[in-house]
Amino acid sequence: MRKRTNAGEEKRLQQEPLKRWLSQEVAPQQEALIKRMGVEVREQAEARIREWIEPFRKLCLRIHAMQEAGNKRPIAYIHVSYLRSWLGQGKLMCSLEAYDDTWYLDRAACMELHELPWLYDHLERYRKNIDEARKSYGTDILPLESDRVWMEDVSIAGHYVVSLVRAAASRIVELPEVQRIQRANTFRIRAGEYLDLSEDVWVEVREEKDAAAIRASLERQDGTLHRYEDWRKLDLSGGCYEGADVAYSHLTGSNLTGSRLNKSVCLGVDFCGSRMRDVDLSQSVLYDANFSRCDLQGANFQEAVGGEPLIHEGQVMGTFGVSFAGANLQGANLMFADLEHADFRGADLRGAKIILQEAAKFALSEEQKRQVRWMEEDETGRLVEVRN
């Protein structure tokens, strides 16, 4: 019995340095990696999004040539994958592959490659940092542990690949080269691991949609996920959709006037150009939601969250921040909302309410600051307007 206890104690002592390295060295470096990548993507957003246009254009030229020759059926999927197999060559490469409705069973190969050297540079810096920290533990931690952790955390870069392709998708589908190819009635752009986990970043359903049925499904509030839906230009006004999960759906040009979406999950939803007067989005998750050019007069965003990027269930949320660019936010309630990094350029904030103590979190012009009704709590806890 004593011998087994000693062996167990010895094993525990051997694992202790590894645990310390992972918690005290690797975890902070991982957070720093996410922050560095996030800062670059936000600051260079236009350039990083635009660089996906050319590889998609080239892929669609290939598709068109194959279809003209009768060698490719209508496209149902374009799959973007980040390729771990190239990392040993000092490159982060992505493949863009086109499939018909049989997906991976489609044997008519059609591929384009795209390199992301700027993203690999971030990964390489992270690898060097964690390996230098490992060396301080002497022989207690083997070099292969650095390699193992690094290969696992390549998925962080993969998140930014997915986010950038999603951000570029609305431009990509408008390319003449994309419009020219034959597409299936349901056409998807997906991004993720190669022949592994991936997710929709664009869904196009070319069939008549039943707004009444969609409304009824949302109002049932039965826990059904409504993610990645194509609900563009639908009338969903006046609905009670409390707690709905519509993450990454496309609702551009829709009518949600007076609808209740409080406590909902609107992660990455594209509402661009929608009518949303008096909509209730209080206490909702809004990371990377796009409200650009929306009519949000009187909308309620109190206690909504969508600010500083965070990791949730292995996913980085908040790559770009919420966009209110060019939106009408007259009389909107933005009190206690976490909207750090949100884009308010060109937004009309006349009469919008924001807590004065949180003013530094809102990137507003001087004119917008004058438009806002700045609020604070008085000695009784009641919210009152701050008088100049």
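Worth knowing before you read on, the calculation uses all heavy atoms, side chains too, and leaves out hydrogens, waters and symmetry mates.
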### Task
Verify side-chain contact (heavy atoms from CB on, under 4.5 Å) between Thr257 and Asp295, making sure each step is shown before the conclusion.
CA-CA 9 Å; Thr257 302; Asp295 185 355; over 6 Å; no
### Message
To the closest 0.5 Å, what do you measure between CD (Glu340) and CD (Glu308)?
### Response
5.0 Å
### Query
Taking atom CD of Glu367 as the centre, does the number of heavy atoms from other residues, nucleotides or ligands within less than 6.0 Å exceed 12?
no
### Summary
Paired with Tyr77, the ring pair (Phe, Tyr, Trp, His ring centres under 6.0 Å) test is passed by just one of Tyr99, Phe187, Trp103, namely Trp103
### Residues Glu204, Arg232; criterion side-chain contact (heavy atoms from CB on, under 4.5 Å); working and verdict
CA-CA 9 Å; Glu204 181 180 279; Arg232 289 173 288 171; 3.7 Å; yes
### Query
Applying the salt bridge (Lys or Arg N to Asp or Glu O under 4.0 Å) test to Arg57, which of Glu112, Glu51, Glu177 qualifies?
Glu177
### Query
So does Arg148 have more than 12 non-hydrogen atoms from other groups sitting under 6.0 Å from CZ?
yes
### Query
Does the side chain of Asp235 come within less than 4.5 Å of Arg215's, by heavy atoms?
yes
### Query
How far does CZ of Arg275 sit from CD of Gln297, to the nearest 0.5 angstrom?
14.0 Å
### Task
Compare every heavy atom of Arg134 with every heavy atom of Leu142, then report the nearest pair and how far apart it is.
O-CD, 3.4 Å
### Query
When rounded to the nearest 0.5 angstrom, what is the spacing between OG1 in Thr252 and CG in Asp270?
5.5 Å
#### Entry: Closest approach of Ser274 to Leu251 (non-hydrogen atoms, all atoms of both residues)
OG-O, 2.7 Å
#### Entry: Spacing of Leu123 atom CG and Arg125 atom CZ [to the nearest 0.5 Å]
12.0 Å
### Message
Ring-plane angle category for Trp231 and His226, please: parallel below 30°, perpendicular beyond 60°, tilted otherwise.
### Response
tilted
### Task
State whether the number of non-hydrogen atoms from other residues, nucleotides or ligands found under 6.0 Å of Lys209 atom NZ is greater than 12.
yes
### Query
Are Ser170 and His250 close enough that a side-chain donor and a side-chain acceptor fall under 3.5 Å?
no
### Query
What pairs of residues pass the ring-ring contact (aromatic ring centres under 6.0 Å, His included) test when at least one of them lies in residues 285-311, not counting sequence neighbours?
Phe271-Phe291, Phe291-Phe301, Phe291-Phe324, Phe301-Phe324
### Query
Going by distance alone, is a donor N or O of one side chain under 3.5 Å from an acceptor N or O of the other, for Asn333 and Gln302?
yes
### Query
Can a donor-acceptor pair be found between the side chains of Glu219 and Tyr241 at a distance below 3.5 Å?
no
### Query
Just wondering, do Asp153 and Ile130 contact through their side chains at under 4.5 Å, heavy atoms?
no
### Message
What verdict does the side-chain contact (heavy atoms from CB on, under 4.5 Å) test give for Tyr120 and Glu115, after you've listed the backbone C-alpha separation in whole Å, the side-chain angles of each residue and the deciding distance to 0.1 Å?
### Response
CA-CA 9 Å; Tyr120 181 83; Glu115 185 179 359; over 6 Å; no
### Message
Just verifying a value: how many Å separate Leu329 CG and Met276 CE, rounded to the nearest 0.5 Å?
### Response
10.5 Å
### Query
Stepwise, does the salt bridge (charged side-chain N to carboxylate O under 4.0 Å, His left out) test hold for Asp131 with Lys128?
CA-CA 5 Å; Asp131 198 52; Lys128 288 179 179 178; over 6 Å; no
### Message
Under a 3.5 Å cutoff, is there a donor and acceptor pairing between the side chains of Gln330 and Asp348?
### Response
yes
### Message
Hydrophobic clusters here meaning ILVMFWY residues chained together by side-chain heavy-atom distances under 4.5 Å, can you tell me if Leu61 and Ile78 are in one?
### Response
no
### Query
Taking Leu261 as the fixed residue, which of Val279, Leu218, Asp280, Asn300 is the one that meets the side chain to side chain contact (heavy atoms under 4.5 Å, CB included) rule?
Val279
### Task
Identify the heavy atoms of Glu193 and Ser81 that sit nearest to each other, and give their distance.
O-OG, 3.7 Å
### Task
Say whether Leu119 and Met93 are linked into one hydrophobic cluster, either directly or through other cluster members, by side-chain heavy-atom distances under 4.5 angstrom.
no
#### Entry: Note: Glu366-Lys369 ion pair, threshold 4.0 Å (strictly below)
yes
### Query
Ala108: what forms a side-chain contact (heavy atoms from CB on, under 4.5 Å) with it, not counting sequence neighbours?
Met66, Lys72, Asp106
### Side-chain donor-acceptor contact under 3.5 Å, Ser284 with Ser264
yes
### Summary
With sequence neighbours left out, the residues meeting ring pair (Phe, Tyr, Trp, His ring centres under 6.0 Å) with His114 are Trp52
### Task
Decide whether a cation-pi geometry holds between Arg166 and Tyr248; the criteria are a distance under 6.0 Å from NZ or CZ to the six-membered ring centre and an angle within 45° of the ring axis.
yes
### From CD1 (Ile355) to CE (Met335), nearest 0.5 Å
5.5 Å
### Task
Kindly indicate, with the supporting measurements, whether the criterion salt bridge (charged side-chain N to carboxylate O under 4.0 Å, His left out) is fulfilled by Glu174 and Arg171.
CA-CA 5 Å; Glu174 296 300 323; Arg171 302 187 199 184; over 6 Å; no
### Task
Provide the closest heavy-atom pair for Glu40 versus Arg48 in the form atom of the first, atom of the second, distance.
OE2-NH2, 2.7 Å
### Query
Can you name the one residue among Gln29, Glu25, Glu124 that meets side chain to side chain contact (heavy atoms under 4.5 Å, CB included) with Asn129?
Gln29
### Task
Given side-chain contact (heavy atoms from CB on, under 4.5 Å), test Arg227 with Val265 step by step and report yes or no.
CA-CA 9 Å; Arg227 297 188 165 198; Val265 179; 4.2 Å; yes
### Message
Taking Asn290's backbone N and O only, do any of them form a donor-acceptor pair with Ser323's side chain (distance below 3.5 Å, no angle check)?
### Response
no
### Considering all heavy atoms, the nearest Ala157-Leu92 contact
CB-CD2, 4.3 Å
